[in-house]
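Note that this is a predicted model, so its numbers are computed, not measured.
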Amino acid sequence: MDPQFVSSLQDRLQQLAFASDTETLQTVTASLGQQYYTTPACIPALLTVAKDCEQWQVRQLAAVELRKRVPKFWDEIEDAVQQQMREAILKAIIDESNDLVRHSLARVISSIAKSDIPNQKWSDLIQFLYKCCQSPTSAHREIGVYVLDSLFETIGDTLSEHLQHLFELFAVLINDPESLTVQVTTLEALGKMADYVDPDDRSAVNTFQGLVPPMVQVLQKCLAGGEEEFAQRCFEVFNGMLILEAPLLNRHFGDLIEFSISVGSNQELEDSLRVMALNFLVWTTTYKRGRLQKLKIVKPLVDRVMPITAQEDPEDEEEDSPSRVALRVLNVLSTSFPPQQVFPVVIAHVLQYMQNSDPMFRKGAMLSLAVSVTVAEAAGRDAFRPHLDECTQLAMQGMEIDSATLRESAFCYVGVMSRVFEGEFAKYLSYIAPQILQTLRMDESSAFGYDSGEDPEMEDDDDMPLGFNTAISDEKEVAADAVGQLFASTTTAFLPYVEEITAELIKLLDHFSDTARKAATVALFTFVRTFSKIASPDPWMPGVPLRVAIDENTQSMIKLVLPAVLRMWEDEDDKMVVTQLCTELRLIMKDVGPATTIEYADSISKHLLEIFEKKAPCQTIDFEDDEDMPDEDEMAELDSLLICAAADCVAEFASAFGDAFEPIMDTFLPHIAGYAKPSVAVSERAMAVGCLAEIAKNMGPGITKYAEHAEVQSNAAYGVGAFIETATIDASPYFGDVLKALFPLIQMTDNTNNARDNAAGCVARLILENADAVPLSDVLPAWIGALPIRGDHLEDLPVYDAVCYLLKNKRSE
């Protein structure tokens, strides 16, 4: 080994370990990759640095880099050098005093073992680790069990051949008298070993089940000592074991539930520890529902969880807390078990809590009711009817409490209940509708106790106007969602409230919150749909002018809603709002017919065209702060959703307008067809082909004139070839029909819209797929006459491949 190489490598690693600027990091990283990590010599050199350098940061970095390079270079190292390194790394890990470096060296050992053990090398490694695990020195025991734990990630199959010996070893280590680190690492190793326990091996299952109590004791010790990181690692092991096929926890399931709920209820513990325990209950309910049912533990579990829902929450709505996770437990119980097992228990607590003078208990009651009310839909109205009145009274009480969260929960409740009970729910509207109206009229700027004209000293938030209360904005969003469902469910009984609420929903279209604007859009279109439903009209018929008249009320609502929505669309800069708007337009045309859009076709077409051209405001927004900009994948997904929604809307336009869609089709066709080009992303090509197919179906005979459109022909030729190239079925029976359709394009004297190029490319793909199914003597003269490719050079590759195939196989044709 070249000492100069080692010294120079160590210098570079020191620079990297202590670099304080990005430029240095990039420069040194590039130097290491180009000058040092291209040769097997880096393996022994990195080990030398990892065991001998004075700075632990450099030793750790060297060990990390060594682990990365072992898979590539280890087998190229001479046998004698390999053996020296094995001995050196085992000595180094014993001598190492820094935990981080020891862990990194353990990963190196695991990586080398992955190569060595299957090749019958390093036979003394396991013996060495056993010796470490049985050492009187706790640090050695920590090393031994940590390396064994790491080995399960690389040679787990090999270790699984020695389960009985490992059971005996871990049974001692899990009860280590000195080191909690040994105990926790052993518990993690047992968690990995659990993957290799055969469910049919009763002996192994029983042995493992016998180790569960000491595993729980380790977790208890972590909790008692406030060892949050250790406790989290333990809970992750137990959570992982819940999804295994082997019933490793079954014998102690009741005790585990009791332990978890006791920890979750203990307010003397840190909230983070309680959250872990309650999350275990969520996982348990999700994956071991049958076991819980068998133990008849649902009622006691609800009884113990309910008091936790009345505890304080942190201000950050994204932060988990015991009360929020307790509500999650109730929600999972409600959706996993028959309603009669859960809801009566919950409602008994809710009724009691609503009488409590402590507002936190009333909060817990309302939130518990909201998360468990979905059982109503599962059970049906008859099963829930005995609870309807008392639950609705509680929800109405919740609307009066000065808490946005409680009012949101109450609005969610009435939305669900109205959907379940429909007209029966109308008797509550006289109270609920004014409450929703009051929420929609709330002034966010006055919520802080000052006029909006003042200039209070508070931090600006770029996402909303200065001084506005986002809690009220969220409440308005939920209220809008609920009111749409209320009208749809109660129909005529809701009519007295429609005018005032419609006015507020239209105002909400101009709200700073994108989710509030989206909710208002959905609600307003629901109002249009509901008026049409009330009128019970004859089925609409496609075409313009209207062939089936609509009633006056529906027409009036259309004249209120459509202009307001289109005004919002002019400047709407949120892609999800526009996507939802396109979806609602499509649905309303499907349900109500051309009457909804007949007077607004030009404006709607303009906005849809902007989307296809990627010129809509929501597609051209400049993000002032890079942190606000979604990542590339998210941006691409949002773009795809938006364009697909616009395409679906255009297809529904064709359905509603029938033959009268022709002038609109003239506008859209070039843009939609452009998305079918081979240079466009697969998802957008699929959208274009699907959209054109739907338009063709919906327009009927009116589509005929577009069949000869050059761009449509070009994209169709490309699409057929691409399908045949990638399809998993034998398409050769269709080759004759395809070739007949392609022949006019191949014979074209010009190459308009690359139609001739795409046809030539399609023929090439047919030849490559199954030349025997192509009548080459007839096809080749015309095909060769269409070459070379002149415009769409993406077709060059299949054409060249087809020519080479024909020459290589010496086809006589």
If only atom types and distance count, is the side chain of [X] paired as donor or acceptor with the main-chain N or O of [Y] below 3.5 Å?
X	Y	result
R141	P136	yes
D21	T24	yes
T137	A139	no
R291	N250	yes
Q82	W74	yes
S8	Q4	no
W122	I117	no
T185	T181	yes

[X], [atom1]: over 12 other non-hydrogen atoms inside 6.0 angstrom:
X	atom1	answer
E168	CD	yes
H162	NE2	yes
R289	CZ	no
Y800	OH	no

> Out of K91, R59, K51, R102, which residue meets the salt bridge (Lys or Arg N to Asp or Glu O under 4.0 Å) rule with E96?
Replying inline: R59
> Any salt bridge between E795 and R765, counting N to O under 4.0 Å?
Replying inline: yes
> Hey, is E65 close enough to K68 for a salt bridge, meaning N to O under 4.0 Å?
Replying inline: yes
Distance-only side-chain donor-acceptor flag, [X] / [Y], under 3.5 Å:
X	Y	answer
S115	D75	yes
N758	D792	yes
R12	S31	yes

> Is there a side-chain contact between I93 and V147 (heavy atoms, below 4.5 Å)?
Replying inline: yes
>> What I'd like to find out is whether the side chain of Q60 reaches to under 4.5 Å of the side chain of N98, using heavy atoms alone.
In response: no
>> Can you tell me how far apart CZ (R67) and CD1 (I112) are? Round to the nearest 0.5 Å.
In response: 12.0 Å
Below 3.5 Å, can you tabulate the donor-acceptor pairs from side chains in residues 148-158 to any protein atom, sequence neighbours excluded?
from, atom 1, to, atom 2, distance (Å)
D149, OD1, A189, N, 3.3
D149, OD1, K192, NZ, 2.9
D149, OD2, K192, NZ, 3.2
S150, OG, Y146, O, 3.1
E153, OE1, R107, NH1, 2.6
E153, OE2, R107, NH1, 3.2
T154, OG1, S110, O, 3.3
T154, OG1, S110, OG, 2.8
T154, OG1, L151, O, 3.3

> Relative to each other, are the rings of F167 and F208 parallel, tilted or perpendicular (30° and 60° limits)?
Replying inline: perpendicular
Can you name the closest pair of heavy atoms from [X] and [Y] and give their distance?
X	Y	result
D320	N279	OD2-ND2, 4.3 Å
S260	A277	O-CB, 3.4 Å
I43	V70	CD1-N, 3.9 Å
W783	A802	CH2-CB, 3.9 Å
L219	C234	CD1-CB, 3.7 Å

> Centres of the F73 and Y37 rings: under 6.0 Å?
Replying inline: no
> According to the side chain to side chain donor-acceptor pair (under 3.5 Å) rule, which pairs have a member within residues 210-228, sequence neighbours left out?
Replying inline: Q183-K221, E228-S272
